[in-house]
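We're numbering straight along the sequence, starting at 1. Here the structure is a predicted model, which means the values were calculated and not measured. Remember, it's 1-based here, ligands and their atoms both numbered in the order they're listed.
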Amino acid sequence: MSVKLKSGHEAVPLEEEELAQQEVLFRSYSEGMVRLDPGGWFLHTPSLKLADNIYEHKYRPSDVIIMTYPKCGTTWTQEIVWTMWNNPDLDHPGAKEQIFLRSPFIEADSYLLSRHHPPLGDAAIQAYRKAFPHREDMKDIFFSLTEVAPDPRVIKTHLPLSLFPENLLETCKVVYMARNPLDVCVSFFHHCRLFFCQDYTGTFDQFVDLFVKDNLIPGPYLLHLKEAWAKKDHKNLHFMFYEDLKEDPLTELKNLDAFLGTELSEDKIRKIVDYTSFSAMKTRAIEGLLPVREEVAKETGGFFRKGESGDWKVVTTPEQERKILAWMESGLKGEDLKFKYMSRK
Ligand code: A3P
């Protein structure tokens, strides 16, 4: 039976065969899956209540939302924006705290609802207990922490614009980060093997098929991109590409500085570029809140895996490349949206 969400979407449960395929490929998707109409947004059924809470949440004028499809460099952008706002002199003691706690991931709870999921790290539990000493339950941990986070909040989400209130861009700022879909597919595959919240058991070939059929949470990457691209000239939306940030972080951070109105000197921005480089973030190891498969982390490098553009060429076969390019061609028809590092040469 379908359910109506506050956003107006209809949540339609997956048919038995499709659901069975998901449950085999992802050990953590054991409580049902839905596809939202319109859009085809793909969600784990227990997260529908959270989707309503996120839609109805009161966003604040000082909020900055870091919105990306998974693996587009969300954590990187989150760390940059949080640092520009809160730690421009790089001397903030709270910067050592786990990034998901000081810069909350609003729908993180939706990844923890499976019975299969191991317990959360102590840091999250302590932060929740400290914020809500009188609560006995441990429900909606990250959403609750988002609600009480002090201004200015830097909120992370992988959900698309259309699952937020229509007036979001009239209320607060959104930084949207995009990444070459071939690299996203490779990085997402490794991510889903690494994290218990997906616990993917299939091959890369099967993953490419899920990717091009839009059968991965949170749903169609190309629609996610197009919704934001359509708003790229809105004064409260800043559209960025992973590849540009990687190639010329100084220019990209200067652009962000102008968008956020943080008015940092070039010297400070240069230091933040170094502080948020791949190697610096990997060394600080600000991951660790959500449990991962240690054997996969050892094999692939963990969450901070490679941090490169064009890595897809190493692992993607010509046939897999062809499938992704065909999907991009039809999904981006008529769009003036181009990606770098698309050629094998
Ligand atoms: P790879 O798997 O290709 O290495 P997200 O935060 O959206 O999950 O994105 C994670 C991807 O961004 C991973 O890509 C990760 O290594 C990369 N990443 C994280 N921090 C980065 C940084 N400071 N510079 C470049 N890439 C970074």
Trainee: Is any NZ, NE, NH1 or NH2 atom of the basic residue among E247 and K340 found under 4.0 Å from an Asp or Glu carboxylate oxygen of the other?
Mentor: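 Judged by the 4.0 Å cut-off on N to carboxylate O distance, E247 and K340 do form a salt bridge.
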
Trainee: I'd like to know whether the aromatic ring centres of F211 and F188 sit less than 6.0 Å apart in this structure.
Mentor: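 Not close enough - the centres of the two rings lie 6.0 Å or further apart.
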
Trainee: Using the test ring-ring contact (aromatic ring centres under 6.0 Å, His included), find all partners of H190 that sit at least two apart in sequence or belong to another chain.
Mentor: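 Result, ring-ring contact (aromatic ring centres under 6.0 Å, His included) vs H190: none returned.
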
Trainee: Near E17 CD, under 6.0 Å, is it more than 12 heavy atoms from other residues, nucleotides or ligands?
Mentor: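 At most 12 heavy atoms, drawn from other residues, nucleotides or ligands, come within 6.0 Å of this atom.
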
Trainee: List, ordered by chain and residue number, the protein residues whose closest non-hydrogen atom lies under 4.0 Å from any atom of ligand 1.
Mentor: K71, C72, G73, T74, T75, W76, R179, S187, Y242, T276, S277, F278, M281, F303, F304, R305, K306, G307

Trainee: Please confirm whether H191 and Y200 have ring centers closer than 6.0 angstrom.
Mentor: no

Trainee: Kindly indicate whether a cation-pi arrangement holds for R35 with W41, taking the cut-offs as under 6.0 Å to the six-membered ring centre and within 45° of the axis.
Mentor: no

